[in-house]
Every structure is written in C-alpha cells, then in structure tokens.
Amino acid sequence: MRRINKQRGGTKQEEYWKSRYGSRVIPSSVTSPSPQTDSGPGRRLVFISHANPEENDFVRWLGVQLASAGYEVWSDVTKLIGGELFWDDIEEAIRHHTAKFILVVSAAALNKEGVKDEIHLAVTVERSDKIANFLLPVRVDDVPFSDFKANIARKNVIDFKAGWAPALARVFQVLERDGVPKGAIAPADVAAWCLRRSDADQMPRIEPEQLYSNWLPIAAMPPQVSLFSLGVAETAVSSVMSETRLPWFKYFRLVGTFGTEVDLKLALPEQVIERRYTLPLEDMLAGMPAAMPGVKRADARRMVVNLLRQSWNNAMAAKGLSAFEMADNSVAWFFTKDLIEKDTAYFVDHTGKRRRKAMVGRSQKRGVYWHLGFIAKPVMTDTPHFVMKAAIIFSHDGKTPLDSVEKMHKLRRGFCRNWWNGQWRDLMLAYVAWIGDEDGHLKLPMGDFAEVVVDARPVLFESPVSCADPAVKSRAVVPDDEDETPPEAPVEPDEAFEIAALAESADD
C-alpha cells in the first residue's frame, strides 16, 4: 500500500490570497453537515482510487469539486484537501475513515496492481462492515463495461465519458442520498490548498481582461414575418415547399417566412400564392400574436430559430462548404481540400496581428485528412446570436467524410488532444473571418428582398480579473504527435498590424 505524507497548513501566499480575495475566490456551496447513515461513526472521507498518472488531471478536478461542496476528499495526487491527516497508510484510511470509495474506472486503472489492491480492500470493507453502496465506480474513458471485474460490474456506474457536468451532479446526488458527511471543509480551505499548489507567477491580478466568446451576434433581422397560403391542402404544404430554398416554417395550411410574395411566386410559379397575414417580428417573439393566437412565446422563438438555421445552411452551401451531419443531427459545415488557396484562411488575432491558419491538413501518422468545420446554433434571447461549435471531420480523399462514426469519434479524441483553448480560438477566428465579408459581416438571405445580418466578429466579454497564460504541461503532449497540430505559417513582421488598421487595409 502507498503511504500518505502529512500536509502542513498556512503559507504567506495563503494569507495574501485570503486578505486580497477572501471567500470570493471559490463560490460557497457548503451546506450544513448531512446526518450520518450506514457509513458508520467516524467515516467522513471520500476516497478516490485511480490510475496514476493517466487520470491525474481528472482526479484533481473531481477532488476540488467535491471539496468545494464541503466533503473531505483524499487521492494520491491531491492528498487531503483542506485538512490534516491522521492515519498512517491507505489501508487504515479505507478501513476506518472512508465513507465513500470512488473508483475512477479506465482502461489503465483496470490493469494497475495498486488500484486492484484498493478495489479488493474496498469490497472487503463493504461486505465485512455491511456498508451499502460503499464503492462508487465512475467511468472516464472508452473502456467497455464488459471489461469490468465482477466485483464492480454489479454496481451502478456513473459515466463521465458522456459529460462531466451531469455526471458530477449524479455523484453529488449519491453522496447526499447515502448520507456522506460534509461541512468540515470550507471554501477558504480549498482556496488555500489550491494556492499552495499554484505558481506565484500565475496569481490572479485585479486587472481587466477581454475574453473571446463563441457567439456571433445577430446585428439585424427583417422587421416582419408573413404568412402565405399556397392554395394546397395542409398535408401537401411540406412537399410543395421542398422545391424552394426559401427559409420557411409551417403553420397549419400556411407558410411563414421573412420572404415576400414575389419570392414565393418566383420559386413556385405553378402555385396560387396569397398573403394572409403580416405581423411584426417583435409581436411574434412575444408570443400569442393576433395572427397566430395559439403560438406561445417559446414556440414562436423556435419557429424563428428554424428560419435562421435554414438560412445559415443555405449561406454555407453557397460558399462551397460541405455539410456533415453530427450524431445529434446538427450540421457541421467544413472545408474540403483545395476549396481555398493553400487551404489557408487569414484572420486578425486577439493582439491585432494578421495571421493565417490551415483549414485542411494531412496527418501522415494516421493516414487521413482533417477538415475544420463549425456548427452554428441560433439562439433567440434578448441578444440574438449564433453559438459556434467546432467539429473536426476526417476523410481519406480530402473531400468525403469517413463512413465509420466510431472511427471518426476515435480519431477526433486522439487527434485533437493537444489542441488547447488558444488553438480553438484562433481556428474559430480564421473560420468566421473567411465566411464574413470585408466589413466583417455575414449576410443570410431570407429571400430576394430580406436578409439577416450577422457580425462575423465574436462577442467579447470583459473579466475584472486576469491571469497570465500558463505554459501548457500535460501528459497528452507527446513528441511523435507533431503532425497533429494544424500548421501555421510564420507571420512576417511587416504583416502585423493593429485591428484599427484592418479597415484601411482590407485588400492586404
């Protein structure tokens, strides 16, 4: 068994942190201690067993989340967060002090002798001390459930692979249900623990910092929506409208659109087109408009979102991008090889310099092409916008996506693991700069006489606190993956210019 080293408290950094930021460092989510149930007297610890070093990053994150909620947490990479140790070794901790044993299940963990020993001990304690649900497995990678050993296969597994946030919520529910005590750890304890492990040069500074979002704001929309009759039965409306690319929605026998009567007559010359109603967009979005009395606010917004989605898809197709349907039925629009010169898009980065990024590349290691694509999700709130989500598509020929969904998923997980926030930010900036016009706008046609104007420059938010960009250190960075990073040609000094100068040098 591994031995546990004692922690020491209080540092000058901790005093600085508390004096400068106080309890605001970590939002308080600590509630009053929960009553003990069958976990037994003196059992307060949440023990995390995992593969080291493979799952260290996940365990640090999970440990801080649990400690921030008031639980006493121990793992071999965090030690005891926010407290002093009072046992000699792991066996004593599991046998006498652990209320919940969380097993981080991964392909690596199932082959680690140390983890196997801890599992055996936890199962023994669960049976001998009659502690129901003592062992809680959580899965973090693609390890098949069929590979689970019999002593954990019968447990209810929480799947973090499907999403960390919902899985964490489920862990909290289990801890609460099983009466695992909490309340002994305060936010200041967690802050002090984090501080002792932080680089002093990376301390937060009370200085404002601008942050890029993945929102493209909608700058202008048509002021009204029209409802037309096509002179056909309700059951025939969809098939008739499939012959036109005009964005529309169905309202009983009528067709709703931002377009005009002329748009419909040009697209459907054989139909008898008649405008029935015209209503202000603002009234429609408020819900229950006079022309559509049965349409609630949420339904009206979904109709407008539908129009925006259709118009976006039409615009991306017109630019020559290719569509790829994702597992959730959303559509990613991606660059095929040779769509643009040298498969490279230019943009202005967050420092005001003109740079370029590859939109398509070749991974010699994996024998595939990668293609940058984006999903655009329209959102109708008080500040309408599109949410941009990146998607990497793979092909053998530079054009046709791979048929295997499973292979695409595995490639994506391995290929992009070295891409950090700055990389994704710059890829997004290059993508939206290419789809926008010289003025930084993207115009989505809603017919020959109506359009939606989208600002192709992402919304910026300002944080009152800033941090220096840390040097990225991760086990995921390995030397033989150099070809997995999208290449970026160096920027010559005379190519750099301020954002303010971009409008003056649009042809640069």
Trainee: Please determine if Lys161 and Asp159 form a salt bridge, counting it only when a charged side-chain N lies under 4.0 Å from a carboxylate O.
Mentor: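 Result for this pair is no, no salt bridge flagged.
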Trainee: Please collect all salt bridge (charged side-chain N to carboxylate O under 4.0 Å, His left out) contacts where either partner lies in residues 384-406, sequence neighbours excluded, each pair once.
Mentor: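 Counting only pairs at least two positions apart or across chains, the salt bridge (charged side-chain N to carboxylate O under 4.0 Å, His left out) contacts touching residues 384-406 are Glu406-Lys410.
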Trainee: Determine yes or no for a side-chain-to-main-chain donor-acceptor pair under 3.5 angstrom, with Asn111 supplying the side chain and Ala107 the backbone.
Mentor: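 Indeed, once roles are kept as given, a pair shorter than 3.5 Å links the two residues.
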Trainee: As a test of understanding, state which of Leu444, Val304, Val454, Val453 forms a side chain to side chain contact (heavy atoms under 4.5 Å, CB included) with Met221.
Mentor: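 Going through Leu444, Val304, Val454, Val453 one by one, the side chain to side chain contact (heavy atoms under 4.5 Å, CB included) with Met221 is satisfied by Val304 alone.
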Trainee: Taking C-beta and beyond as the side chain, do Val59 and Val104 meet within less than 4.5 Å on heavy atoms?
Mentor: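 Answer yes - side chains close enough.
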Trainee: Any sub-3.5 Å donor-acceptor pair from Thr336's side-chain atoms to Leu339's backbone N or O?
Mentor: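 No, because the side chain of Thr336 does not come within donor-acceptor range (under 3.5 Å) of the backbone of Leu339.
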Trainee: So do Val360 and Leu372 actually touch side chain to side chain, heavy atoms under 4.5 Å?
Mentor: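 Leu372 does not reach Val360 side chain to side chain.
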Trainee: Angle between ring planes, Trp419 versus Trp424, binned at 30° and 60°: parallel, tilted or perpendicular?
Mentor: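 Because their plane-to-plane angle lies in the 30° to 60° range, the rings of Trp419 and Trp424 count as tilted.
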Trainee: Apply side-chain contact (heavy atoms from CB on, under 4.5 Å) to the pair Trp215 and Val379, showing each step before the final yes or no.
Mentor: CA-CA 10 Å; Trp215 293 8; Val379 178; over 6 Å; no
Trainee: Is the number of heavy atoms from other residues, nucleotides or ligands under 6.0 Å of Lys116 NZ greater than 12?
Mentor: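 Count over threshold, so yes.
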Trainee: For Asp328, is the CG atom crowded, meaning more than 12 foreign heavy atoms sit under 6.0 Å from it?
Mentor: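 More than 12 within 6.0 Å, yes.
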Trainee: Just wondering, do Leu321 and Trp434 contact through their side chains at under 4.5 Å, heavy atoms?
Mentor: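 Contact flag for Trp434/Leu321 side chains = yes.
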Trainee: Around atom CD of Glu282, are there more than 12 heavy atoms of other residues, nucleotides or ligands at under 6.0 Å?
Mentor: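 Atom CD in Glu282 is not packed in, count stays at 12 or less.
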Trainee: Mind checking whether Asn314 and Pro445 have side chains closer than 4.5 Å, heavy atoms only?
Mentor: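 Asn314 does not reach Pro445 side chain to side chain.
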Trainee: Do Pro464 and Ile206 make a side-chain contact, defined as non-hydrogen atoms from C-beta onward lying under 4.5 Å apart?
Mentor: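 No, every pair of side-chain atoms sits at 4.5 Å or beyond.
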Trainee: Is there a side-chain contact between Pro401 and Met408 in this structure, where contact means two heavy atoms from C-beta onward sitting under 4.5 Å apart?
Mentor: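 Side chain of Pro401 against side chain of Met408, heavy atoms only: contact under 4.5 Å found.
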Trainee: As a quick check of understanding, evaluate side-chain contact (heavy atoms from CB on, under 4.5 Å) for Val174 and Asn133, giving each step before the final call.
Mentor: CA-CA 9 Å; Val174 171; Asn133 304 313; 5.9 Å; no
Trainee: A side-chain contact here means heavy atoms from C-beta on lying under 4.5 Å apart; do Leu411 and Leu402 qualify?
Mentor: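 Yes, their side chains come closer than 4.5 Å.
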Trainee: Cut-off 3.5 Å, side chains only: do Asp455 and His385 have a donor facing an acceptor?
Mentor: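 Result is no, nothing qualifies.
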Trainee: Around atom NZ of Lys112, are there more than 12 heavy atoms of other residues, nucleotides or ligands at under 6.0 Å?
Mentor: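 Yes.
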Trainee: For Phe335, is there any backbone N or O sitting under 3.5 Å from a side-chain donor or acceptor partner on His371?
Mentor: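 Side chain of His371 to backbone of Phe335: a pair is present.
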Trainee: Which residue, Asn306, Asn313, Leu308, forms the side chain to side chain contact (heavy atoms under 4.5 Å, CB included) with Gln310?
Mentor: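 So, applying the side chain to side chain contact (heavy atoms under 4.5 Å, CB included) to Gln310 and each of Asn306, Asn313, Leu308, only Asn306 qualifies.
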Trainee: Looking only at non-hydrogen atoms, find the nearest pair between Ala456 and Gly436 and report the distance.
Mentor: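 Taking every non-hydrogen atom into account, CB-CA, 4.0 Å.
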Trainee: Just do the side-chain contact (heavy atoms from CB on, under 4.5 Å) check on Glu72 and Trp74 with the steps written out, would you?
Mentor: CA-CA 7 Å; Glu72 296 182 34; Trp74 192 92; over 6 Å; no
Trainee: Go through it in stages, so that I can follow the logic: the residues are Leu66 and Leu175, the test is side-chain contact (heavy atoms from CB on, under 4.5 Å), and I'd like the CA-CA distance, side-chain angles, deciding distance and then a yes or no.
Mentor: CA-CA 10 Å; Leu66 296 176; Leu175 297 180; 3.9 Å; yes
Trainee: Would you call the rings of Trp370 and Phe415 parallel, tilted or perpendicular, where under 30° means parallel and over 60° means perpendicular?
Mentor: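 Tilted.
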Trainee: Quick check: do Phe145 and Arg139 have side-chain heavy atoms less than 4.5 Å from each other?
Mentor: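 Side-chain contact under 4.5 Å: yes.
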Trainee: Quick check on Glu207: does its CD atom have over 12 non-hydrogen neighbours (other residues, nucleotides or ligands) under 6.0 Å away?
Mentor: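 Yes, enclosed.
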